[in-house]
There are 2 protein chains.
Amino acid sequence: MANPVRPGEKTLDFDPGDRAEAGLTFIGRIRTPWSRGDCPKNIRLARDSGQPAHIEMDTAYLDGLTGLEPGRALILIYWMDRARRDLILQSPGHVNGPRGTFAIRSPNRPNTLALSTVVLTGIDPATGRLDIDAIDCFDQTPLVDLRPWLPTIDVPPALQDKLG
Amino acid sequence: MANPVRPGEKTLDFDPGDRAEAGLTFIGRIRTPWSRGDCPKNIRLARDSGQPAHIEMDTAYLDGLTGLEPGRALILIYWMDRARRDLILQSPGHVNGPRGTFAIRSPNRPNTLALSTVVLTGIDPATGRLDIDAIDCFDQTPLVDLRPWLPTIDVPPALQDKLG
């Protein structure tokens, strides 16, 4: 548990990691220029940095890339393996007062999954290298899933018409 | 492994469920009118049905709801516990020829996580009941996470201006 608890924050009286009910496997690693101390706090800031990133897929899963093409928007699901799982009220620097973990996008949460929508800029199906425009995680962060971004699933219904 | 393999489909020679590298805990259950046979294939069809749904949060996590208000768009992450984890090429009925699992939104994937963006229509912080507009999963599907939908993270950069 690397990150300290700030004033107003609250932890659970158990570690959700001790209550595993399903197992995740890692399908690859995300390669980035970032480590603790210089990692952008969100994907907008990662994009602003001008630094691209790439994915190294586990070669067992190469067939799963069939049909993916550069230019597609993808949702990445990655596992923030250095975040806390027991923080349930949090006081991030940019908000006033503590917020519930499920009301913010902090990587600290019972299941330390992160989600970002990225642009696939290149793909090598033979090696499983996927180039992406940017990402906001440490180098070697485990990748759990990737899938096409689809407005009918991934945009609130009231906003879908604006994207038509 | 409930679902049969169709012509052109391919399975891995291992079950990703046997290679767990991180553990998920369930933070609640999604209550829906759906079971095998009548479940909408995606959230657009679930919305078209006119049937709402709700979440029953595990009461251990109630503090995590602090700050959530009706009207917000939320991303739900849920665990499709009856899907296959070993299908790597798939032939869904609506596409021609097999596609890689990571090029489609099928619930059958190495980590059987599903994602949908829903609208929070009601919240009871005392019981942990969250009402939502619709969802495309069986009754009692385990919930893994919920978080606010944010266009800067969840919309491809080229489309963000259209939502401004």
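Chain letters run A, B, ... following the sequence lines, proteins first, then strands; residues in each count from 1.
At least one side-chain heavy atom of A/Y61 sits under 4.5 Å from a side-chain heavy atom of B/P16. By the 4.5 Å heavy-atom criterion applied to side chains, A/L113 and B/I77 are counted as neighbours. Contact of the A/R147 side chain with the B/T101 side chain is not registered, since no non-hydrogen atoms from C-beta on lie closer than 4.5 Å. Side-chain contact between B/R19 and A/F26 is absent, with no heavy-atom pair separated by less than 4.5 Å. In this structure, B/D145 and A/R109 have side chains that are in contact, with non-hydrogen atoms separated by less than 4.5 Å. The shortest distance between side-chain heavy atoms of B/R47 and A/T152 does not fall below 4.5 Å. Contact check for B/P142 versus A/E21: no side-chain heavy atoms found under the 4.5 Å cut-off. Using a 4.5 Å cut-off on side-chain heavy atoms (C-beta onward), A/T117 and B/I153 make no contact.
Of all non-hydrogen atoms in A/I75 and B/R105, the two that sit nearest each other are CD1-NH1, 3.8 Å. Nearest heavy-atom pair, A/P148 versus B/A103, reported as atom, atom and distance to 0.1 Å: CG-O, 3.1 Å.
Only the side chain of B/D133 has a heavy atom closer than 4.5 Å to any heavy atom of chain A. Using a 4.5 Å cut-off between heavy atoms, B/V119 touches chain A through its side chain atoms alone. Looking at B/L89, only its side chain comes within 4.5 Å of chain A, counting heavy atoms on both sides. Only the backbone of B/I104 comes within less than 4.5 Å of a heavy atom in chain A; its side chain stays farther off. For B/W149, the parts lying under 4.5 angstrom from a heavy atom of chain A are both the backbone and the side chain. For B/I27, the part sitting under 4.5 Å from any heavy atom of chain A is the side chain, from C-beta outward, and nothing else. For A/I43, the part lying under 4.5 angstrom from a heavy atom of chain B is the side chain only.
Proximity of a side-chain donor or acceptor of A/R99 to a complementary backbone N or O of B/T66 within less than 3.5 Å is not detected. Side-chain N or O atoms of B/N111 include one that pairs as donor or acceptor with a backbone N or O of A/V144 at under 3.5 Å.
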### Task
Show your reasoning for whether salt bridge (charged side-chain N to carboxylate O under 4.0 Å, His left out) applies to B/K162 and A/D161.
CA-CA 10 Å; B/K162 294 190 177 185; A/D161 286 350; over 6 Å; no
### Steps toward side chain to side chain contact (heavy atoms under 4.5 Å, CB included) verdict (A/W79, B/L24)
CA-CA 11 Å; A/W79 184 251; B/L24 289 178; 4.0 Å; yes
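Heavy-atom pairs under 4.5 Å with chain B peak, among A/A20, A/G17, A/P151, at A/A20. Contact count versus chain A (heavy atoms, under 4.5 Å) is highest, among B/A158, B/P156, B/G67, for B/P156. Residue with the most contacts toward chain A among B/G23, B/G64, B/P157: B/G64 (heavy-atom pairs, distance under 4.5 Å).
Hydrophobic clustering (side-chain heavy atoms under 4.5 Å, transitive across Ile, Leu, Val, Met, Phe, Trp, Tyr) groups B/L62 together with B/I132. B/L143 and B/L120 fall within a single hydrophobic cluster, where Ile, Leu, Val, Met, Phe, Trp and Tyr side chains are chained together by heavy-atom contacts under 4.5 Å. Under the 4.5 Å side-chain contact rule for hydrophobic residues, B/F138 and B/L76 do not share a cluster. B/L74 and A/L115 sit in two unconnected hydrophobic clusters of ILVMFWY residues. Membership requires side-chain heavy atoms under 4.5 Å apart, directly or through other members. By the rule that hydrophobic residues join a cluster once side-chain heavy atoms approach within less than 4.5 Å of another member, A/Y78 and A/M57 end up as members of one cluster.
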